Amino acid sequence: MLDRPRNHEPIPWKHAVVSTPLFTAATVYTGGLALGLAEDFGGTLPTGWMALGSITGVVAASASRWLRSKGTPDTPTHPFKRWYHTGFTATWTTATYAWLNWTAHGSPWTMASGASIVAATAAFIPAYAVDRYLRQDVIAAQWAEEAANDRIDQSEWEELFHAVSARGVQVGEQYDTPGGYALPLTLTQTPFEQILPLLRMLEVRKGGLRPGALQLRRNTDGMANEATLYVSTRNVLAETIPLPEDAHPLTIGESLTLGDLESGEPLEILFRQNSIFIVGKKGSGKSVLLHVIVAAITRCIDAVIWFIDMAEGNTAKRWLRPWAEGWKDHHGRLIDRPILDWVATSPEEAMRLLGASEAVADGRARRANGKVIPSKTQPALIVITDENPQLMAKYPAAVQTKTDGIKKGRKAAVDYIDAAQRGTGPNTGGGEIASQYDTVISGKFSKKGEGQFVFPDHYHQVDVSSLPGRGSIYILDEPRQGVDGVGPERGKVHFANDDNEYPDGTPRRDIEELSVARWDIRPDLDEEAQEFAEPFGYSDRWSPDRTGWLADALGMATANSTPYVATAASAPTYQPPTRSAGGSMSKPTDLPSFDDYIEKAKNWSPPGSAPATHSAGGGDNGSADPTVEKAVGDAMAEFERWEQERIAREAATNSPQASVDMKKVDRRHPRRDEVTDWARQAGSEGITVADVRDRLLALYPDEQPPSDTAIQNWFASHERINKPGRGRYFWTSDEDDAGE
């Protein structure tokens, strides 16, 4: 927090006895060097005109000083003072112009020229001290005038407080902040809590301020009657704040910066012992915020990320692409491991991951003597879930597992970050898990009433519908919601461009560039935590049958083919994407599999045990904890029961005669065949991904539509659908094949 008041002087160096002559001498010498450089490069200096201009300058400066030092009719300046001021000005200006003309004929680079200006400066310092002493009454008048102007502004604020019924508020001298300025307050009658609701009225009476421009905060290191009013004159929420390019290592034990608060101060969050809930309607900037969070945590040398991406991996795949496609980084090193330690995109895999995170939290908590302090050898585990309702609203087992994990994780350096589109109970998992969140971040909503679900204790302070643009948020953490807290604050998160394409259709690789710059910073999960997670299939988490979604999302070879295997010699070296003359974008052309990493992972075994042997399901080995194994079985059985009931209900609704074989559940998206049939029906006009999305939203408004990437992959994998141009897909009939 910036607590330093501004300097009393109008110009900080203006009246300093020593610094003013030194500043003047440095400026003169710089001018002489410029003249010398001009002559060295062949410039011809008009020395005659320089001499004439110098004489004119001396006369003008002396005359100006004579006129300015005459005083006022009521208090005329003493003749001696007036002659001294004029003589001093004439002397130092004459010396300055003489030195410039001398060096113009000779050179400013010689020892003599430098020594002469040093000697002159030393001689003029005491002369300037006398000049300043004789002008002390003038200097005092300048200070008094500035103080009077400041006092006028302070008095205005005091009157404003009084006008809104805040009695006894004394306003101190304002000082600058990154977002505007701040006013120290001393409260003599009205307490802090009664002033908070009056801020909106103050904004109206002050005029010229945006809604939310005033923030009142207690001075945490001051007295109970001290506070600070922050006045925002910078429209932070309307700005685009680029994500900083630096990627030097950080630590999860310190606050990480995600953007700027409306006051202009950094928007910082401590991710240790902090469970975070992010909410906002589609398009409010949740995905960008998740990218910014991942970009920050992956710079930490003592943190590992597990990611549940229920949006079909659309967020996670961008971070995994450099590893999956076998890129080399800027130093020519093969990116031989994923930057995210575990990614789940299906309910089954999500249940595995959540169960493993709870097991790590429980195991660490049981073995730790006190709280676990994250380190490179025992890193913090951050579990991020995108589209949290996909699990929480449908699978009760996930709710309980995550609730237990959050409770146990506080002590064990296991923390959770969840993102959803609404703040209601079904989206969070109910009141019990919602009460476990330490920090709540809300993006924009269409209706103000959504604020009561997100910030039930502060809904009168927020207007989530007023947030401008993507990336604008309200944030409420423990310091802001405590007894001395100010409630939710507004801010703007950094912008990380997550667009897949440029306007002309060529691909973007902004997120991939972030991954390339950070991939080797994060540590591996410690062996003890790996042992706790192993019964849930940790070592097989990157096996082909569990990462088919990634190959499909990136358009790579599937597990049923024989894909190219990357080696250090053959992997493409990463280069920032550039456009060619034809509009295409350079990218790695070799598409390796995940085999190298999988083999390395499979060779791992818990400390002190024989090498593990894994079944097709992954995760079964001789050293499995029977208790944990039973918990996994119970959770998966609960999930399968709910899934089968859901499929049965859908089948009964769509076709009363349909029968569902529960042992052979089709994991394909229920609308996939219908969507591909639309391409056949479109005929010669073709169909676009946007057409499909709009039709799905119209026909099935209560369903979560598939992502654009999923629709593209459905069309690309269908043998009868092709895309001859940009954006529109067509059905190829048997007659078309025969004609060809």
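This one's a predicted model, so the numbers in the text were calculated from it and none came from an experiment. Any value given below was found using the heavy atoms of this structure, including those in side chains, with hydrogens, waters and symmetry copies removed.
- A pairwise comparison of heavy atoms in Arg234 and Asp260 identifies NH2-OD2, 3.1 Å as the closest pair.
- Rounded to the nearest 0.5 Å, atoms CG (Asp329) and CD1 (Ile335) are 5.5 Å apart.
- By the neighbour-count criterion of 12 heavy atoms within 6.0 Å, atom CD of Glu685 is sparsely surrounded, having that number or fewer from other residues, nucleotides or ligands.
- For Arg210 and Glu262, the salt-bridge test passes: some basic side-chain N is under 4.0 Å from an acidic carboxylate O.
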Is there a side-chain contact (heavy atoms from CB on, under 4.5 Å) between Gln712 and Tyr729 once you walk through the steps?
CA-CA 9 Å; Gln712 293 169 357; Tyr729 294 84; 3.7 Å; yes
Below 3.5 Å, can you tabulate the donor-acceptor pairs from side chains in residues 294-310 to any protein atom, sequence neighbours excluded?
{"unit_1": "Thr298", "atom_1": "OG1", "unit_2": "Val294", "atom_2": "O", "d": "2.6"}
{"unit_1": "Thr298", "atom_1": "OG1", "unit_2": "Ala295", "atom_2": "O", "d": "3.4"}
{"unit_1": "Arg299", "atom_1": "NE", "unit_2": "His248", "atom_2": "O", "d": "3.1"}
{"unit_1": "Arg299", "atom_1": "NH1", "unit_2": "Asp246", "atom_2": "O", "d": "3.4"}
{"unit_1": "Arg299", "atom_1": "NH2", "unit_2": "His248", "atom_2": "O", "d": "3.2"}
{"unit_1": "Arg299", "atom_1": "NH2", "unit_2": "His248", "atom_2": "ND1", "d": "3.3"}
{"unit_1": "Arg299", "atom_1": "NH2", "unit_2": "His248", "atom_2": "NE2", "d": "3.3"}
{"unit_1": "Asp302", "atom_1": "OD1", "unit_2": "Ile252", "atom_2": "N", "d": "2.8"}
{"unit_1": "Asp302", "atom_1": "OD2", "unit_2": "Thr251", "atom_2": "OG1", "d": "2.6"}
{"unit_1": "Trp306", "atom_1": "NE1", "unit_2": "Asp341", "atom_2": "OD2", "d": "2.9"}
{"unit_1": "Asp309", "atom_1": "OD1", "unit_2": "Ala311", "atom_2": "N", "d": "3.2"}
{"unit_1": "Asp309", "atom_1": "OD2", "unit_2": "Asn314", "atom_2": "N", "d": "3.3"}
{"unit_1": "Asp309", "atom_1": "OD2", "unit_2": "Thr315", "atom_2": "N", "d": "2.9"}
{"unit_1": "Asp309", "atom_1": "OD2", "unit_2": "Ala316", "atom_2": "N", "d": "2.9"}

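- Taking all atoms of both residues into account, the shortest heavy-atom contact from Pro507 to Arg509 is CB-NH1, 3.4 Å.
- Pro706 has its side chain out of reach of Arg671: every pair of non-hydrogen atoms, C-beta onward, lies at least 4.5 Å apart.
- Here CD of Glu254 is found 13.5 Å from CZ of Phe271. Values are rounded to the nearest 0.5 Å.
- Looking at Asp691, its side chain does come within 3.5 Å of a backbone N or O of Thr688 through a donor-acceptor pair.
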Test side-chain contact (heavy atoms from CB on, under 4.5 Å) applied to Phe445 and Val454, step by step
CA-CA 11 Å; Phe445 281 97; Val454 185; 4.3 Å; yes
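- The closest donor-acceptor contact from the side chain of Thr401 to the backbone of Ala398 lies at 3.5 Å or more, if one exists at all.
- Annotation: side chain of Arg546 is in contact with side chain of Glu349 (closest heavy-atom distance under 4.5 Å).
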Assess the residue pair Asp498 and Arg318 against the criterion (salt bridge (Lys or Arg N to Asp or Glu O under 4.0 Å)); give the C-alpha distance rounded to whole Å, side-chain angles, the decisive distance to 0.1 Å, and a yes or no.
CA-CA 9 Å; Asp498 64 340; Arg318 303 288 297 275; over 6 Å; no
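- Here the NZ-NZ distance, from Lys281 to Lys447, works out to 11.0 Å after rounding to the nearest 0.5 Å.
- Remark: Ile475 CD1 to Ser442 OG distance equals 11.0 Å, nearest 0.5 Å.
- Closest approach of Pro178 and Gly264 over heavy atoms only: CB-O, 3.4 Å.
- Looking at Arg672 and Ser717, their side chains do bring a donor and an acceptor atom within 3.5 Å of each other.
- Here the CD1-CG distance, from Ile473 to Leu289, works out to 6.5 Å after rounding to the nearest 0.5 Å.
- Trp319 and His291 share a donor-acceptor pair across their side chains, judged by distance under 3.5 Å alone.
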Walk me through whether Leu467 and Arg490 qualify under side-chain contact (heavy atoms from CB on, under 4.5 Å).
CA-CA 8 Å; Leu467 290 172; Arg490 302 202 301 181; 3.9 Å; yes
Before you tell me yes or no, could you show the steps for Ile293 and Ile382 under side-chain contact (heavy atoms from CB on, under 4.5 Å), namely the whole-Å CA-CA distance, both residues' side-chain angles and the distance that decides it to 0.1 Å?
CA-CA 11 Å; Ile293 289 174; Ile382 310 296; over 6 Å; no
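- Within 6.0 Å of NZ on Lys376 lie no more than 12 heavy atoms contributed by other residues, nucleotides or ligands.
- The minimum heavy-atom distance between Leu237 and Gly491, with the atom names listed, is CD2-O, 3.2 Å.
- Looking at Arg337 and Arg522, their side chains come closer than 4.5 Å, going by heavy atoms from C-beta outward.
- Taking the centre of each ring, Trp323 and Trp542 come in below the 6.0 Å mark.
- Checking side-chain atoms of Asp418 against main-chain N and O of Phe277 turns up no donor-acceptor pair under 3.5 Å.
- In this structure Phe495 satisfies the ring pair (Phe, Tyr, Trp, His ring centres under 6.0 Å) test with no other residue, sequence neighbours excluded.
- Between Ile406 and Ser275, the shortest heavy-atom contact is CG2-OG, 3.4 Å.
- Remark: side-chain polar atoms of Lys492 are not paired, donor with acceptor, to backbone N or O of Ser472 under 3.5 angstrom.
- Between the side chain of Asp415 and the main chain of Asn274, a donor-acceptor pair closer than 3.5 Å is present.
- Proximity of Phe455 to Tyr474: side-chain heavy atoms (C-beta onward) are separated by under 4.5 Å at one or more points.
- Once rounded to the nearest 0.5 Å, the distance linking CG of Asn722 with CZ of Arg728 reads 13.0 Å.
- Side-chain contact between Glu312 and Thr345: absent, with no pair of heavy atoms (C-beta onward) separated by less than 4.5 Å.
- For the residue pair Arg321 / Ser515, no side-chain donor-acceptor distance below 3.5 Å is found, with atom types taken as modelled.
- At least one side-chain heavy atom of Trp519 sits less than 4.5 Å from a side-chain heavy atom of Asp336.
- Thr676 and Asp673 form no side-chain donor-acceptor contact under 3.5 Å, judged by distance and modelled atom types alone.
- Using a 4.5 Å cut-off on side-chain heavy atoms (C-beta onward), Trp714 and Ile721 make no contact.
- Taking the six-membered ring for Trp and thresholds of 30 and 60 degrees, Trp731 and His718 have ring planes inclined between 30 and 60 degrees apart.
- Under the 4.5 Å side-chain criterion, counting only non-hydrogen atoms from C-beta, Arg352 is not in contact with Arg541.
- Residues Ala533 and Val360 approach most closely at CB-CG2, 4.2 Å, considering heavy atoms.
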